[in-house]
2 protein chains.
Amino acid sequence: MRKTKNMYSKDRQSDDARRRLVRAGIAVFAKYGYEGASTRMLASEAKVNLAAIPYYFGGKEGLYHAVIRSIVAFGQEKIFPGIMEARKRLDSGNPSRDELIRMLENLMLHYIGLVTSDETPNVARIMFQEQLHPTKAFSIFYEELLKEEHCVVTAIVARLLKLRPDSQEAILNAHAILGQVMIFLAGRALILRRLGQEKFTGDDAELLQTIMQQHIRRIFK
Amino acid sequence: MRKTKNMYSKDRQSDDARRRLVRAGIAVFAKYGYEGASTRMLASEAKVNLAAIPYYFGGKEGLYHAVIRSIVAFGQEKIFPGIMEARKRLDSGNPSRDELIRMLENLMLHYIGLVTSDETPNVARIMFQEQLHPTKAFSIFYEELLKEEHCVVTAIVARLLKLRPDSQEAILNAHAILGQVMIFLAGRALILRRLGQEKFTGDDAELLQTIMQQHIRRIFK
DNA sequence: GTCTATAGTCGGATAGAC
DNA sequence: GTCTATCCGACTATAGAC
């Protein structure tokens, strides 16, 4: 039987080291990519010993997978509530055209919040890295996060356009709609350089919201 | 004075090795990223000797820059004609609303052609890699390719919405419009998995064209 | 659990024969 | 210009002291 003191210290410190490594991993993998990130960077950013990476995660790859899982959890926490609510309203009840448009708007406005927030860019960079170089991690993102999100948006778009929700046209249309926001994550460097800014401001967020509302209303009204 | 035979053989073989390396570089850097690509992969893909990379390009980084330059040239060839024509019509003459919309449509339809073509994905992957991890190469892309493209689209959008072409709103709006197509390059893995396809078909291209036309017309009419 | 020291591997670049 | 052989540095992972 373990002593209380040991359990405390073990759990607290161990959790601390693991947590710091995952946190550092998000920043370092986002900035340098999987190959570009070295275990030395990761350890020093997390302020833990180099050997802690193999010890806690079995190696660099294990740490990366832990980072992926933490991103999935972050995403599920941030976007699933909205998604699930939309899904529910679609399945039960028969939302009117205006309601459908408002649902779509709400989802998009929510994404804009993520785009312009300070904690999202690193997460988003890792997700887009995985799109450019899909590994096992991309399948996890897709199955546990992106699929449901994409399907719900497709379902809304399909209803608005009177298409089948599994039709090619509905899927492509939904992707284009989502692209209007997503490109601010994937093409972040371009738009920031174009604006002459280091990061997005609250004004940008507001402007984007009105722009997105206008686009959605004009496209679907 | 060099002998004709030597010049011939030098130029032909040297050009051949250089060309093969650049060509292989596009494929390998696209697939694995800059850090992930090794000189050994690059040489073997190009079917040249490992030492040819330092010899011709001064090293891996030099080869990468040559690849970047070749992509800029490719892009200028593929998209500048359309861009320049639009720019000319904007500067001289006073295009009508319908003409502006048609200009925007034409640019977007052209990009759809690039999205669904077979030779573009690797080029696009390298460009989006540079957006996620901007190096010196990103500045080259921006200054010599993306800036003019983005400015022209912004100018068209600004006229349609009666905004100043350097206003935040016009710039963000144009980026969102472009995002509808660009996301098919940046988020290629996602949409292909969603469609259950390995690559885009001619049908996808057609559908996308009609979708994009509808969106643009509804947004700006 | 945490650290230092080090093993073992692979990367890019070079030297020098041809 | 092209090749083989090799160097050197950086990387990840491990062994073993504390």
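Computed from a predicted structure; not experimentally measured. Numbered from 1 within each chain, the chains take letters A, B, ... in sequence-line order.
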Could you tell me the separation between the [atom1] atom of [X] and the [atom2] atom of [N], rounded to a whole number of Å?
{"X": "B:Phe57", "N": "C:dG12", "atom1": "CZ", "atom2": "C1'", "result": "16 Å"}
{"X": "B:Arg20", "N": "D:dT2", "atom1": "CZ", "atom2": "P", "result": "10 Å"}
{"X": "B:Lys47", "N": "D:dT2", "atom1": "NZ", "atom2": "C1'", "result": "17 Å"}

Over 12 foreign heavy atoms within 6.0 Å of CD, B:Glu143: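 Yes, the 6.0 Å shell around CD holds more than 12 heavy atoms from other groups.
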Check: residues 181-189 of chain B side-chain donor-acceptor pairs under 3.5 Å, at least two apart:
none

Is a side-chain N or O of [X] found less than 3.5 angstrom from the main chain of [Y], in a donor-acceptor match?
{"X": "A:Gln129", "Y": "B:Gln129", "value": "no"}
{"X": "B:Asp204", "Y": "B:Thr201", "value": "yes"}
{"X": "A:Ser38", "Y": "A:Met41", "value": "yes"}

Per-nucleotide protein contact string for nucleotides 11-18 of chain D, where B marks a base within reach and S marks sugar-phosphate only (heavy atoms under 4.0 Å, - for neither): BBBB----
Those residues that, when tested against A:Phe138, pass ring-ring contact (aromatic ring centres under 6.0 Å, His included) (two or more places apart):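 None.
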Phosphate OP1/OP2 of D:dG1 contacted by B:Asn49 side-chain N/O (<4.0 Å):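 Answer is no, no contact under 4.0 Å.
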